[in-house]
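Residue numbers begin at 1 in each chain, while the letters A, B, ... track the order of the sequences.
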Amino acid sequence: MPSDPDTPTPRPHPPEPLEPPAPVDPLEPAGPATSSGQSDPQRERSEPAEPSEPGPPGEPAEPGPPGDHGDRATVPPAPDTRRSRADGGTGPSGSPQHSVGGRDVPDLGVDPPGLAPHRLPARSLLGILRLRRIAAIAVPVLALGFGEERGGWPILALLLVLGVAGVLWSVVWWLRFSWGFDGQVVRTNSGVLWRRERALDVKRIQQVEVTQPLIHQVVGTAVLQVETASERAGSEIELDGIDIDHGNRLRTAILAARQHVLAAPAAEPGTPSTVPDVETGQAARSGATHAAPSGSASIAPSAQPATPPRPVSQASSLPVTAPTASVLKPSIADLARHALTGSSLATLPAVVLVVGQFLLDFVGDSATDVGEAAADAVTGLRIGVVVLALLVLVAGMVVAIGSTLLRFWEVELVRQGHDLRLTRGLTTRSTTTIPLHRLQVVTWSQNWVRRIFHAGTLTLQSAGRGQANQDNPQQGMAQVVVPWVTRVQLARVLPTLLDRVAADGQQVAFEVHAHPRAARRRLRWLWLRGLGLTFPVVAGLAVLSATRATLSPSVVSASVTIWVVAIGVLAWLLGAAQYRRLGHALDDDLLVVGRGILGATFDWMPLDRLQGVTARANWFQRRLDVMSIRLRPAGSTTWVLVRDVGKSEGLRLGRHLTAVAAGVDPVATSGSPLPDPRPHTS
Amino acid sequence: MLGDHPQRHLHPNMRWVWVLFGLAMTAVASGITTGIVLAVSAATEGDPTWWPAVLVAIGGIAVSIVWSRLAWQRWRWDVTDLAVILHRGVIIHNALALPFFRIQHIDTNRGPMDQLLGMTSFDVHTASISAHLPGIDADDAVELRRELLDLAARAAAEVGADGSVDAV
């Protein structure tokens, strides 16, 4: 066992064929390690000869037991050998040394298959000092202590015991956590009592996220999360507390490995894969322009020209830099505008309400006295109610801007090769990477205020199961949110996001075709039904007030009548407003759906992610000859809904979508012509 | 696809399953209604009026029988050249198209009723939705599953090898 757990034992590189056998590292224990070590470079040398085996590589399993013993059995080359090799290669930062803070960081993607030899650095233990975790335990216990009204020492003793137990558990968990990446499969072994081994093939990756909560920023570590389209809640692989530099390089290595693995079979078109695997994918969606040679060239622009062509797993051991292009970069002014036009304005009032409620409960019986005292104080200060309200409003705006800035500090969306990456955040610095081919839906939504400014919020959704965030608590997709994107900017970046070459300056479609008028009837009816649910409440109140004779019957009946009329008018208007926003447009492999009521939202869905198509028509819809179509992208419990399309258009859409989802060219369908398109320009 | 009229029905015994399910629901509903009737009569100190419970029971039985026949007529499925098509729903018509290329895996389930009546139910999974096909004849089930998996593999080989499409 290496004495310094901070440095994962350096891995041997698959060395150059012409390199002399590496000398023994003086740090490693000599003796039996040497003899077994000599044979290992030979075996390692033969490994790269079989690069892109699918799945767990076909090499024989490592004879030694996994974990620590495997560390000892292999021989790392001398540090200077590694450094000179790094000179010839492409380091991520261009520096000849892969060292972080004086420690040598191992190269990535060259672990022996089947092993998870790396440990997280010891600094990651400080990550247990997360405020949320401490609060989750401490606050109930403290509340209990307050409620007891006894001497505090039993509570303190309990807290101390819990704290010590928590620290011990974290230490044991850290000791028993290990990970590894062999260029194709990412592995983790975790668990204190129940051991869990997770192996993730890079082909399945939907999204890679590197996040730095506050304590991690202080310590210099990060959380790396890898997401797939599986139904498991949370991320598939999570490395909590990996060194930040190491984590970034690992992320790059994983994504580069994914690109290589997907690009390699494309070099031999027409060869059926030996394992019929429905996940066998190719590099790019847009066909010829991203065929394998240019694909790999864009990933590895400075690939070593002098060496013979390297096999895939070897090349992916060095994280290569792809060209980075900034796509969107909202400024601080944009963030402020986003804050002032959105729901974060309600943060302060909501907090005030909650705190006020709590205080009221706390104060209890003496509420009236406290209220009178407060009123006296307020009048004593001679502040009018209006001024007070203004103060609260301004404070709310400040809080909104502050929270938005904290969340979106230095937000930037870049495209690096075939990946989109968003970085943001101040106290929690997070980086989310979505491979372009995992982008399921692009959504641009404007509320009615932002419509005035022609700006909206851009949301990119992948199929990874991310955490529910405040924007979309019900979404099962992982999301990347870019605030305050104007229409002009959006028109510019949509081709990049959807990975489409804009031919002849043709823009990606914004216009959507209207749905039949029957949809408006249906929407008005739906609004009426929804608003009408309030009617029993109103009627009940009316009956109550009539029986108690608090109000005169004429007033009661008048107000009920007014309410009924108001509901009718509202339903009429809102239904029409929603109908105006409703529409869809179908390109060959792109579906645009427009929706919204007062604001406007557009969803762009590349159709090759489509998993299945559902059509639905209830009795009213059948009478009106409309249907609703639901499209399911991968890995999510949500869908894109094309609401209330005409029956013929719906059938045509269904046929087209099913053909696209089945992977065939949609045959030109016979039958009904399209209804006259009435474009809705936004 | 959605405009097609799929031909295959479910196993006729599915009607019995649905009828039994309906009868069970009816029993529960009648029990609840009886309880309400007794409570009301106890509260009002009067004789219990049984007609609500009787109405619920008779109505439930009738609805179960009629509904099961209607539903069995509406449930149609088929295996076309590109996808599995499933039509269902009496009041709300639902149509589902699940392309072979997207099939990830297939589950088969046999509950106690299914085993008694010689049926199997299929769950065909993609990366997001899954199609639930109850009432497949148990004798044909193995053949059907093999057929679907073959179609899926063939679609994957055809589409994945030459094109630029990934199933997920």
Side-chain donor/acceptor pairs under 3.5 Å, residues 41-66 of chain B, sequence neighbours excluded:
| residue | atom | partner | partner atom | Å |
| --- | --- | --- | --- | --- |
| B:Ser41 | OG | B:Val37 | O | 3.4 |
| B:Ser41 | OG | B:Leu38 | O | 2.8 |
| B:Thr44 | OG1 | B:Val40 | O | 2.9 |
| B:Ser64 | OG | B:Gly22 | O | 3.4 |
| B:Ser64 | OG | B:Gly60 | O | 2.7 |

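- Smallest separation of non-hydrogen atoms from B:Ala83 and A:Thr658: CB-CG2, 3.9 Å.
- Nearest heavy-atom pair, B:Leu82 versus A:Ala659, reported as atom, atom and distance to 0.1 Å: CD1-CA, 4.0 Å.
- Using a 4.5 Å cut-off between heavy atoms, B:Val84 does not touch chain A at all.
- Within the 3.5 Å criterion, the main-chain N or O of B:Ile91 finds a donor-acceptor partner in the side chain of A:Arg622.
- Looking at A:Arg630, there are no atoms closer than 4.5 Å to chain B (heavy atoms on both sides), in backbone or side chain.
- Heavy atoms only, all atoms of each residue included: A:Gln611 and B:Pro99 are closest at O-CD, 3.2 Å.
- Counting heavy-atom neighbours within 6.0 Å of B:Arg15 CZ, excluding the residue itself, gives a total above 12.
- B:Leu96 contributes atom CG, which lies 13.0 Å from atom CZ of A:Arg616 (distance to the nearest 0.5 angstrom).
- The candidate from B:Val90, B:Asn94, B:Leu86 with the greatest count of non-hydrogen atom pairs under 4.5 Å with chain A is B:Asn94.
- Applying the side chain to side chain donor-acceptor pair (under 3.5 Å) definition to pairs two or more places apart or across chains, those involving residues 140-155 of chain B are B:Thr108-B:Arg145, B:Glu143-B:Arg146, B:Arg146-B:Asp150.
- A distance of 11.0 Å separates NE2 of B:His93 from CE of A:Met627, quoted to the nearest 0.5 Å.
- Side chain of B:Arg102 to main chain of A:Ala661: a donor-acceptor pair is present (N/O by atom type, distance under 3.5 Å, no hydrogens or angles).
- Around atom CZ of B:Arg69, no more than 12 heavy atoms belonging to other residues, nucleotides or ligands sit under 6.0 Å away.
- The 12-atom threshold is not exceeded at CZ of A:Arg623, counting heavy atoms of other residues, nucleotides or ligands nearer than 6.0 Å.
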